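Report on the structure given below.
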Amino acid sequence: MKIATYNVNGINSRLPVLLRWLEETAPDVVCLQELKAPQEKFPFQSLHDAGYSALWQGQKSWNGVAILSRNTSIQEVCRLLPGDAEDLQSRYLEAQVQGIRVGCLYLPNGNPAPGPKFDYKLAWLERFQVYAANLLKSELPVILAGDYNIIPTETDVYKPERWLSDALFRSESRQAFQTLLNQGWTDALRKLYPQERLYTYWDYFRDAYRRNAGLRIDHLLISPSLAGRLIAGGVDYPVRGWEKTSDHAPVWVELADV
DNA sequence: ATGACCTAAACATTAGGA
């Protein structure tokens with residue numbers, strides 16, 4: 001089965017691109033981020049017509065996450081990241097889908113750093129680490145897929161020296177990502193491609209996509225039982241070159257059937 | 001070092017993104 005994550009950067013303005021990508025690649029499960037749409041403006045009918053059921057947590061203007069499942073139902077687990085009752089931003093959605101526990105996340109950007117936004121990012125990461133550790137303890141097959149807004153290593157950015165003080169690449173962010181790997185999560189794309197330069201995001205500025213001046217910030221972290229089923233994965237690069245496209249490209253993994 | 005571009009709503013400028 002194929003599971004993908006895609007930061008769409010506005011689901012309604014991106015709907016033609018999303019539907020074309022779904023039709024061409026037919027992922028079984030999809031995690032979407034940055035819907036930038038309130039709950040009532042989610043295009044569930046268009047997705048239904050394309051063969052996908054959907055669970056979504058919208059928000060006016062910003063954030064927003066969704067989980068899609070092809071031809072099957074979705075059982076909701078939660079709509080917010082636990083650990084802070086004050087944090088109502090739509091950045092985490094979890095469901096049981098096709099036998100797998102799927103966490104869809106949109107981690108805070110954190111810029112400018114240092115500052116309150118960076119503090120929020122680090123606090124979110126701490127809550128996420130606690131939550132992820134408990135998921136591992138459950139021994140369920142789990143995938144935590146989304147826009148982590150973290151460049152894990154200097155292999156994951158076209159020009160590391162330019163990004164050292166950026167919230168995406170600061171040591172606190174990288175260390176938090178490493179902590180998740182140390183817990184036992186597998187960075188699926190890096191596992192499949194240990195050395196290669198893989199990017200999932202290219203700035204709209206400066207012709208970044210054509211120059212391949214990109215970042216790898218969208219990740220699929222898989223629990224040990226799923227790591228044993230990992231058979232393929234990749235970035236759907238051409239989607240980033242389509243008309244009216246997101247600044248992110250979809251990322252996917254293929255898992256062997258049990 | 002700066003600014004380049006894109007989205008949604010604050011609607012024609014601003015805020016946020018990464």
Side-chain angles (χ1 to χ4, degrees), chain A residues 5-19 21 31-43 56-66 87-92 104-125 128 145-174 176-177 189 197-219 235 237 239-251:
Chain A
T5 184
Y6 186 19
N7 179 322
V8 290
N9 186 11
I11 192 166
N12 286 304
S13 67
R14 236 50 97 176
L15 197 54
V17 165
L18 176 61
L19 292 173
W21 169 71
C31 293
L32 299 174
Q33 302 86 34
E34 273 208 275
L35 304 179
K36 289 185 170 179
Q39 191 70 4
E40 65 276 13
K41 292 272 182 63
F42 184 87
W56 68 97
Q57 180 70 8
Q59 185 179 328
K60 192 175 164 187
S61 304
W62 301 305
N63 308 324
V65 283
D87 183 6
L88 299 177
Q89 295 192 26
S90 298
R91 296 181 174 277
Y92 188 79
C104 171
L105 62 135
Y106 175 47
L107 230 138
N109 173 307
N111 278 307
K117 293 191 173 183
F118 192 56
D119 294 342
Y120 174 58
K121 178 180 198 162
L122 296 182
W124 206 96
L125 274 163
F128 187 60
D147 179 355
Y148 281 69
N149 270 318
I150 296 175
I151 301 165
T153 73
E154 55 185 32
T155 310
D156 301 307
V157 48
Y158 65 101
K159 198 175 274 196
E161 64 275 18
R162 279 273 180 89
W163 290 81
L164 285 170
S165 60
D166 192 280
L168 280 65
F169 195 52
R170 282 178 65 107
S171 61
E172 297 95 322
S173 305
R174 281 186 273 167
F177 192 81
L189 269 285
R197 289 203 166 261
L198 300 166
Y199 300 139
T200 66
Y201 166 90
W202 299 260
D203 217 308
Y204 286 122
F205 309 155
R206 311 179 211 95
D207 220 4
Y209 177 62
R210 193 192 51 76
R211 296 188 294 118
N212 198 26
L215 315 173
R216 190 173 75 96
I217 54 177
D218 299 274
H219 308 295
V235 181
Y237 290 105
V239 178
R240 179 61 181 82
W242 294 353
E243 286 290 309
K244 290 274 288 173
T245 203
S246 169
D247 38 8
H248 297 250
V251 192

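This is a predicted model, so every value here is computed, not measured. In the text below, chain A, chain B and the rest are named by the order of the sequence lines, each starting its count at 1.
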- Whole Å only: how far is the CZ atom of A:R211 from the P atom of B:dA4? 15 Å

- Item | Atom-to-atom span, CD of A:Q33 to P of B:dG17 - whole angstrom | 14 Å

- Using a 4.0 Å heavy-atom cut-off across all strands, classify A:Y209 as base, sugar-phosphate, or nothing. nothing

- Just checking A:D218: base, sugar-phosphate only, or nothing, at a heavy-atom cut-off of under 4.0 Å? nothing

- Could you give the CZ-to-P distance, from A:F169 to B:dG17, as a whole number of Å? 21 Å

- Task: For A:N149, answer base if it contacts any base atom (sugar-phosphate contacts may also be present), sugar-phosphate if it contacts only those atoms, and nothing otherwise; contact means non-hydrogen atoms under 4.0 Å.
- Result: sugar-phosphate

- Task: Determine, using ring centers only, whether A:W62 and A:Y106 are less than 6.0 Å apart.
- Result: no

- To the nearest Å, give me how far apart CH2 (A:W202) and C1' (B:dG17) are. 17 Å

- Message: Rounded to whole Å, please give me the gap between OH in A:Y158 and P in B:dA18.
- Response: 15 Å

- Rounded to whole Å, the CD1-C1' distance (A:I217 to B:dA18) equals 6 Å

- Note on the structure: For A:K36 and A:N9, the nearest pair of non-hydrogen atoms, with its separation, is NZ-OD1, 2.9 Å

- Query: Looking across every strand, which nucleic acid part, if any, lies under 4.0 Å from A:N63 by heavy atom: base, sugar-phosphate, or nothing?
  - Reply: nothing

- Task: Name the orientation class of the two ring planes belonging to A:W163 and A:Y158 (parallel below 30°, tilted from 30 to 60°, perpendicular beyond 60°).
- Result: perpendicular

- Task: Kindly label the base of B:dA4 as syn or anti, based on whether its glycosidic torsion lies within 90° of 0.
- Result: anti

- Message: Quick one about A:D147 and A:Q33 (side-chain donor to acceptor, distance below 3.5 Å, no hydrogens or angles considered), yes or no?
- Response: no

- To the nearest Å, give me how far apart CG (A:L164) and P (B:dA1) are. 12 Å

- Task: Round to a whole Å and report the spacing from CG of A:D147 to C1' of B:dG16.
- Result: 13 Å

- Message: If the cut-off is 4.0 Å, is A:H248 near the phosphate of B:dG17, judged by side-chain N/O to OP1 or OP2?
- Response: no

- Query: Once each nucleotide of nucleotides 5-15 of chain B is scored for protein heavy atoms under 4.0 Å, what B/S/- sequence comes out, 5' to 3'?
  - Reply: BSBSSB-----

- Message: Is any side-chain heavy atom of A:P43 closer than 4.5 Å to one of A:N12?
- Response: yes

- Task: Answer yes or no: is there a donor N or O on one side and an acceptor on the other, between the side chain of A:R240 and the main chain of A:D247, under 3.5 Å?
- Result: yes

